[in-house]
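First the structure, in the form of structure tokens, and then the observations on it.
These figures come from a predicted structure and were not determined experimentally.
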Protein chains: 2
Amino acid sequence: MVHPGSPEAEAAREQAEYRKVLGAELDGFLAEQQLVLQDVSMESLPLLDAVSSLAQGGKRLRALLNYWGWRGAGGAELGAPAVRSGVALELFQSAALIHDDIIDRSDTRRGGPSVHRRFSATHSQAAWHLDGTHFGSSAAILAGDLCLSLSEEMFSAVGAQAAHGTGARRIFNRMRTEVMAGQYLDILEEVVGPTHEPERAVVRARNILRYKSAKYTTEHPLTLGGALAGASAELLDWYSRFALPLGEAFQLRDDVLGVFGDPEQTGKPAGDDLREGKRTVLVAYALTFGGPSARDAMAEGLGRADLDDDGVAALRGLIQESGALAATETLIEGHTQAAFDALEQLPVDDVTRAALSALAHAAVNRSA
Amino acid sequence: MVHPGSPEAEAAREQAEYRKVLGAELDGFLAEQQLVLQDVSMESLPLLDAVSSLAQGGKRLRALLNYWGWRGAGGAELGAPAVRSGVALELFQSAALIHDDIIDRSDTRRGGPSVHRRFSATHSQAAWHLDGTHFGSSAAILAGDLCLSLSEEMFSAVGAQAAHGTGARRIFNRMRTEVMAGQYLDILEEVVGPTHEPERAVVRARNILRYKSAKYTTEHPLTLGGALAGASAELLDWYSRFALPLGEAFQLRDDVLGVFGDPEQTGKPAGDDLREGKRTVLVAYALTFGGPSARDAMAEGLGRADLDDDGVAALRGLIQESGALAATETLIEGHTQAAFDALEQLPVDDVTRAALSALAHAAVNRSA
């Protein structure tokens with residue numbers, strides 16, 4: 001129960017306000033961009049529509065962490081820098097998803113078609129010429145590029161607090177480079193194959209998880225918000241001690257859901273991560289623990305787009321029996337514990353702590 | 001002959017200095033980025049290598065126009081803002097090329113393999129697993145994303161002159177959105193097919209050329225440099241009157257070379273633009289002038305990756321006989337004339353005018 005007037009109630013109230021302002025800022029920005037595209041040609045608008053429909057969904061985890069990072073460091077309630085940086089983070093996330101879905105050949109995103117599938121569907125409905133799949137990917141590359149540019153345009157619009165030489169700008173720059181490097185390591189891991197240095201598979205998978213996902217999902221947004229409000233180095237360090245393990249637990253949970261989740265709840269077909277050949281920590285553990293025959297079976301089935309339900313069930317069985325699922329759950333528990341331990345000691349006001357606690361619980365206890 | 005002490009000689013000397021400083025700034029920036037990627041993993045470095053090797057080539061047309069735009073508006077010799085914005089423009093161009101080559105399925109760039117081909121070659125040399133073509137495209141998507149982010153990081157590093165709310169920032173933002181919208185129109189034009197509203201084909205092709213290419217090749221760099229130095233609205237207007245037709249003439253020449261150019265000089269296979277199905281102004285004229293049978297033949301051959309030398313020669317013949325080549329040359333002449341007329345009246349010093357004149361001549365009189 002949340003009592004009226006409690007830090008929890010106050011945090012929920014303020015967060016709902018922030019969500020509204022964030023949504024309005026995003027809508028206003030996209031409306032301005034629409035005018036720019038219209039000046040080029042009305043026919044270019046579907047490119048922005050693809051960005052808009054994706055950016056208007058999602059849990060807003062990054063924007064919210066950024067907001068409470070700002071508030072915990074003494075930033076003003078609903079302060080404009082935290083609104084704009086929140087929009088920038090959500091647009092960055094959308095850009096990453098658009099390109100990620102091309103790379104992972106994902107057909108769905110947030111319960112609807114992914115951007116490249118959306119464009120290839122338009123192509124086939126209109127009975128256009130040439131290769132519709134290639135058109136879909138090409139249009140999605142451009143939509144992702146536009147979205148990445150808009151993310152940065154919005155981040156620069158924060159103004160002085162995000163100018164060259166500030167801590168916030170350094171975090172934003174580093175975040176982008178690290179995500180792209182992490183994504184590259186991820187696709188590299190898939191192609192070097194499951195038999196490449198299996199003794200280091202878990203180390204590599206954890207490194208990919210950290211850079212491709214954990215840091216930019218939780219740590220960078222929280223520290224970015226803090227830096228915008230002029231947080232001390234000590235506070236930023238505390239933010240990292242809370243948010244990095246939280247992000248790791250969050251992504252590990254995502255990996256477990258990608259293999260064992262209920263499609264009704266995740267909005268993605270069961271076992272899709274296995275068909276895409278994702279080299280998660282879960283899979284790395286299975287390769288490490290599983291012995292030669294399990295390893296061969298994993299190598300054979302992983303990344304096969306035509307893997308049927310029985311094939312998915314067989315791989316799931318291997319992951320479970322090898323102890324990989326249990327090891328991953330242990331890791332999630334350890335990271336979660338570390339995050340909540342740090343949260344208790346975080347030198348922030350009670351409302352911020354209550355807000356971060358609610359976000360952290362939602363991030364690690366979820367089924368979708 | 002360029003006489004010592006003449007504006008031409010002075011411009012050449014200063015431009016050579018600028019090139020050196022520009023190269024050093026780019027190298028220093030890439031070296032810093034290397035440290036960021038190394039922190040993630042040594043295995044992520046090929047992503048940056050791909051960016052570096054592409055960004056270190058090229059004619060530097062955009063950086064140089066940006067520099068003379070700055071100088072013509074009273075900016076200091078070798079001023080840091082013009083160096084950094086020059087690097088930002090070159091990185092933006094590299095990012096656009098990396099993604100463009102995936103979209104156009106181009107195997108070569110600047111005489112070497114394109115970035116996606118480079119990664120797929122690494123894949124096949126190392127005998128890695130899964131689909132090497134898909135790995136190549138995926139890695140190149142990420143390399144382009146990294147390059148786009150770095151372009152912006154460098155532009156923000158210009159500092160106060162490029163901060164939110166400045167004219168320079170507005171130009172930079174608009175440039176990116178317009179290029180992406182223009183590229184989308186370009187791929188759309190290919191798939192809607194050669195029979196879509198042929199009476200408007202030339203209008204559409206000229207619009208694509210303007211936004212996808214001309215504005216960001218010449219007009220935006222020149223006005224951006226001017227805006228950084230605080231140019232008046234009147235001077236910026238003069239810059240546009242010179243640079244936009246120059247950019248249009250430049251790209252039209254590029255289109256002619258893409259069909260009629262000597263592969264030895266262009267570094268691209270003969271007729272590659274026809275195999276890629278590029279819907280240039282040249283092709284639009286051929287569709288407009290050619291009559292039904294020529295139109296059918298164009299529709300049949302354009303965009304066929306397996307088009308052989310005879311097929312290329314046949315399409316070339318149609319383009320020439322229909323009067324499309326002559327019409328395009330007339331257009332190039334008109335734009336070139338307009339650009340040089342404006343250059344004569346440009347309210348800038350003699351050294352800047354001499355420099356712009358040399359760049360303009362190089363842009364329109366070329367065989368590669």
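With a 4.5 angstrom heavy-atom cutoff, A/Arg210 does not touch chain B via any of its atoms. With a 4.5 angstrom heavy-atom cutoff, A/Arg169 touches chain B only via side-chain atoms. With a threshold of 4.5 angstrom between heavy atoms, A/Leu45 does not approach chain B through any atom at all. With a 4.5 Å cut-off on non-hydrogen atoms, A/Phe135 touches chain B through its backbone and its side chain both. With a threshold of 4.5 angstrom between heavy atoms, A/Glu190 approaches chain B through its backbone and through its side chain. Of the atoms belonging to A/Leu130, it is side-chain heavy atoms, and not backbone ones, that fall under 4.5 Å from chain B. Interface remark: A/Arg170 contributes no atoms to any contact with chain B (heavy atom separation under 4.5 Å). For B/Leu185, the part lying under 4.5 angstrom from a heavy atom of chain A is the side chain only. In this structure, the portions of A/Leu188 lying under 4.5 Å from any heavy atom of chain B include both its backbone and its side chain. For A/Ile102, the parts sitting under 4.5 Å from any heavy atom of chain B are the backbone and the side chain alike. Contact of A/Asn207 with chain B is made through the side chain alone, with heavy-atom distances under 4.5 Å. For A/Ala163, no part lies under 4.5 angstrom from a heavy atom of chain B.
Most heavy-atom pairs under 4.5 Å with chain A: of the set B/His134, B/Arg304, B/Arg204, B/His123, this distinction falls to B/His134. Heavy-atom pairs under 4.5 Å with chain A peak, among B/Leu48, B/Ile187, B/Leu37, at B/Ile187. Of the listed residues (B/Gly132, B/Pro46, B/Ser138), the greatest number of heavy-atom pairs within a distance under 4.5 Å of chain A belongs to B/Ser138. Between chain A and the residues B/Asp145, B/Asp100, B/Val179, the most heavy-atom pairs under 4.5 angstrom are made by B/Asp145. Among the candidates A/Ala181, A/Ala157, A/Gly182, A/Gly193, the residue making the largest number of heavy-atom pairs closer than 4.5 Å to chain B is A/Ala157. Note: B/Ser156 leads B/Gly165, B/Ser156, B/Gly277 in heavy-atom pairs under 4.5 Å with chain A.
Here the CD1 atom belonging to B/Ile141 is positioned 12.0 Å from the CE atom belonging to A/Met180, to the nearest 0.5 angstrom. Atom NE2 of B/His220 sits about 11.0 Å away from atom CG of B/Asn173, to the nearest 0.5 Å. To the nearest 0.5 Å, the span separating CG on B/Leu26 from OG on B/Ser52 amounts to 7.5 Å. In this structure, CD in A/Glu189 is found 4.5 Å from CZ in A/Arg279, a value given to the nearest 0.5 Å.
Formation of a donor-acceptor pair under 3.5 Å by the B/Arg84 side chain with backbone atoms of B/Met154 is not found in this model. Put simply, the side chain of B/Thr217 never gets that close to the backbone of B/Ala214: no donor and acceptor are under 3.5 Å apart.
Ionic pairing of B/Asp131 and A/Arg105 is present here: one or more N-O contacts between side-chain nitrogen and carboxylate oxygen are shorter than 4.0 angstrom. Between B/Asp39 and A/Arg174, at least one side-chain N (NZ, or NE/NH1/NH2) sits under 4.0 Å from a carboxylate O, which counts as a salt bridge. Salt-bridge formation is not detected for the pair B/Arg109/B/Asp104: no Lys NZ or Arg NE/NH1/NH2 atom is positioned less than 4.0 Å from an Asp or Glu carboxylate oxygen.
Side-chain N/O atoms of A/Arg176 and A/Ser151 include no donor and acceptor closer than 3.5 Å. Of the N and O atoms on the side chains of A/Tyr184 and B/Glu43, not one donor lies less than 3.5 Å from an acceptor on the other residue.
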